[in-house]
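Owing to the predicted nature of the structure, the values given are computational and were not obtained by experimental measurement. Note on naming: letters A, B, ... go to the chains in the order of the sequence lines (proteins, then strands), and numbering restarts at 1 for each one.
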Amino acid sequence: MREYNFEIEEIENGLRLKNLKDFQPSHIFDCGQCFRWIKDGDESYTGVAMGKILNVRRDGEDIIFDNTNMYDFENIWYDYFDLGRDYSSIKNQLALHDENLAKAVEFGWGIRILQQDGWEMLISFIISSNNRIPMIQRAINNISERYGKDLGEYNGNHYFSFPTPQELSEASIEDLRDCKTGFRDKYIYYTTKAVIEDEIDLASFVAMEADICHKELLKFKGVGAKVADCIGLFGMRKYGSFPVDVWVKRVLQEFYQAEDMSLPKMRKYGMDLFGKDAGFAQQYLFYYVRELEIGK
DNA sequence: AGTCAGGTCGTCT
DNA sequence: AGACGACCTGAC
């Protein structure tokens with residue numbers, strides 16, 4: 001077994017993580033980075049990632065991972081939850097930047113940026129454009145049900161993997177419209193087509209230099225600056241990304257004296273302001289203002 | 001009925 | 001380069 005700076009206890013059908021710092025399920029799953037983790041009635045979250053169903057909840061000071069084992073923890077969940085990163089150090093650094101960021105970090109103390117799948121992020125964030133979270137979730141769920149693999153049951157519900165490019169290429173534009181993707185149906189269709197025909201491996205984007213990665217992502221239909229930044233940050237480890245949506249735009253205007261400038265300028269403004277950790281700063285700020293509806 | 005939501009695309013200066 | 005309207009969908 002590997003050595004960690006927290007303790008793991010194997011329990012019935014899962015794991016108990018003790019002394020795990022900077023980890024709060026609600027902060028992680030509700031900070032806007034993912035769409036497939038749904039809160040159950042018991043305050044636990046169930047989601048699908050890397051073809052596995054996992055349930056996560058807090059139990060006092062501990063975190064419970066249900067429906068998994070040590071093997072998957074070491075091979076999947078450790079990296080997925082970015083457990084090798086020292087978030088306390090990042091938070092301390094950000095808190096020194098300014099008062100507002102300090103408050104945002106305190107508010108979303110348990111946020112972690114998940115290391116999600118690049119291909120899934122590509123399609124998911126295309127769907128996110130000019131859309132609402134419940135509808136984004138529904139569309140992704142429809143796509144997974146119809147084109148992904150049945151992963152079986154957990155607590156009475158069926159879960160499906162997010163389809164591979166090959167699997168999703170079975171869908172026509174009309175099929176995608178039926179999944180309630182709206183006008184983004186053709187973006188998804190042509191993006192999937194491009195990935196298949198040009199044999200693009202989205203996982204290889206992780207190794208790319210951030211700027212190149214961003215430019216490559218912009219080549220896909222339905223991917224603009226904001227969506228490319230989200231894909232880069234959440235699916236390709238580009239932590240200097242600064243996705244600017246309506247909320248972040250408000251943040252920059254409310255807290256950081258930004259004028260009402262264009263999106264490309266806002267993006268540069270944020271990246272210059274926060275530097276290499278801009279992506280982390282963006283997440284804490286986004287969660288803070290959206291939860292409290294600051295500036296609305 | 002009109003507006004708005006994790007924006008992007010196409011078209012026109 | 002930069003501005004502007006259109007766009008699925010459904011909830012307020």
Side-chain angles (χ1 to χ4, degrees), chain A residues 27-38 104 108 111 113-114 116 118 120-143 146 162 171-194 214-236 238 241-254 258-271 278-296:
Chain A
H27 296 174
I28 293 170
F29 300 128
D30 295 334
C31 74
Q33 61 178 325
C34 53
F35 302 107
R36 302 204 68 196
W37 287 88
I38 307 299
I111 288 177
I113 296 186
L114 300 170
Q116 301 179 80
E120 182 176 336
M121 293 301 98
L122 174 58
I123 300 302
S124 298
F125 279 95
I126 285 175
I127 294 171
S128 80
S129 78
N130 193 223
N131 208 346
R132 289 161 177 253
I133 290 173
M135 297 195 58
I136 300 165
Q137 290 176 327
R138 192 179 65 166
I140 293 173
N141 205 45
N142 289 338
I143 284 177
R146 298 182 198 185
F162 189 82
S172 66
I173 296 181
E174 294 72 32
D175 292 335
L176 291 165
R177 177 64 65 96
D178 286 342
C179 291
K180 299 298 175 188
T181 55
F183 62 83
R184 309 153 197 87
D185 54 359
K186 49 193 176 297
Y187 302 156
I188 299 168
Y189 179 83
Y190 290 117
T191 291
T192 303
K193 196 177 165 69
H214 188 75
K215 288 192 175 72
E216 286 300 313
L217 288 171
L218 290 178
K219 291 179 180 172
F220 293 110
K221 281 274 176 255
V223 178
K226 188 271 179 184
V227 166
D229 281 333
C230 286
I231 300 166
L233 181 57
F234 305 133
M236 294 164 183
K238 301 299 180 276
S241 303
F242 195 78
V244 178
D245 57 43
V246 289
W247 290 100
V248 174
K249 200 169 174 180
R250 284 176 197 147
V251 169
L252 293 179
Q253 292 176 349
E254 288 274 322
E259 302 298 324
D260 188 10
M261 48 186 142
S262 64
L263 185 122
K265 285 183 177 173
M266 282 279 186
R267 178 172 182 268
K268 181 170 172 11
Y269 193 84
M271 289 174 75
F280 295 103
Q282 190 269 4
Q283 273 308 276
Y284 290 111
L285 288 169
F286 174 83
Y287 183 67
Y288 182 51
V289 298
R290 201 177 67 103
E291 289 292 310
L292 301 179
E293 300 200 331
I294 292 172
K296 193 177 180 182

Could you give the [atom1]-to-[atom2] distance, from [X] to [N], as a whole number of Å?
| X | N | atom1 | atom2 | result |
| --- | --- | --- | --- | --- |
| I127(A) | dA5(B) | CD1 | C1' | 15 Å |
| M266(A) | dT8(B) | CE | P | 15 Å |
| D245(A) | dC4(B) | CG | P | 17 Å |
| K226(A) | dC9(B) | NZ | P | 13 Å |
| R250(A) | dG7(B) | CZ | C1' | 14 Å |
| Y190(A) | dG10(B) | OH | C1' | 15 Å |
| I231(A) | dG7(B) | CD1 | C1' | 12 Å |
| L263(A) | dA3(C) | CG | P | 12 Å |

Readout for nucleotides 7-12 of chain C: B = base within 4.0 Å of protein heavy atom, S = sugar-phosphate only, - = neither; 5' to 3' it is BBBB--

Reckon [X] touches a base, only the sugar-phosphate, or nothing at all at heavy-atom distances under 4.0 Å?
| X | value |
| --- | --- |
| V248(A) | nothing |
| F35(A) | base |
| Q282(A) | nothing |

Residue set satisfying salt bridge (Lys or Arg N to Asp or Glu O under 4.0 Å) with K268(A), at least two apart, ordered chain then number -> D272(A)

Sorted by chain and number, sequence neighbours left out, salt bridge (Lys or Arg N to Asp or Glu O under 4.0 Å) with R177(A) holds for D185(A)

Check your understanding: Has K193(A) got more than 12 heavy atoms of other residues, nucleotides or ligands less than 6.0 Å from its NZ?
Key -> no

Discussion item. Assuming nearest nucleotide by heavy-atom distance, tell me which of F125(A) and G222(A) is located more 5' along DNA chain B.
Written reply: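 In this pair, the answer is F125(A).
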
Handout entry: Those residues that, when tested against Y288(A), pass ring-ring contact (aromatic ring centres under 6.0 Å, His included) (two or more places apart)
Key =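 ring-ring contact (aromatic ring centres under 6.0 Å, His included) list for Y288(A), sorted by chain: F107(A).
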
Dot-bracket assigned to DNA chain C with the 3.5 Å Watson-Crick/G-U criterion, [ ] for crossing and | for other-strand pairs, is |||||||.||||

Exercise. For the ring pair F125(A) and F234(A), is the centre-to-centre distance below 6.0 Å?
Worked result: yes

Closest non-hydrogen atoms of A278(A) and M271(A), given as atom of the first, atom of the second and distance, are CB-CA, 4.3 Å

| said: Rounding to an integer number of angstrom, what distance separates dC8(C) and dG10(B) when you compare their P atoms? | reply: 13 Å

The side-chain hydrogen bond (donor to acceptor under 3.5 Å, both in side chains) partners of D175(A) (sequence neighbours excluded) come to S172(A)

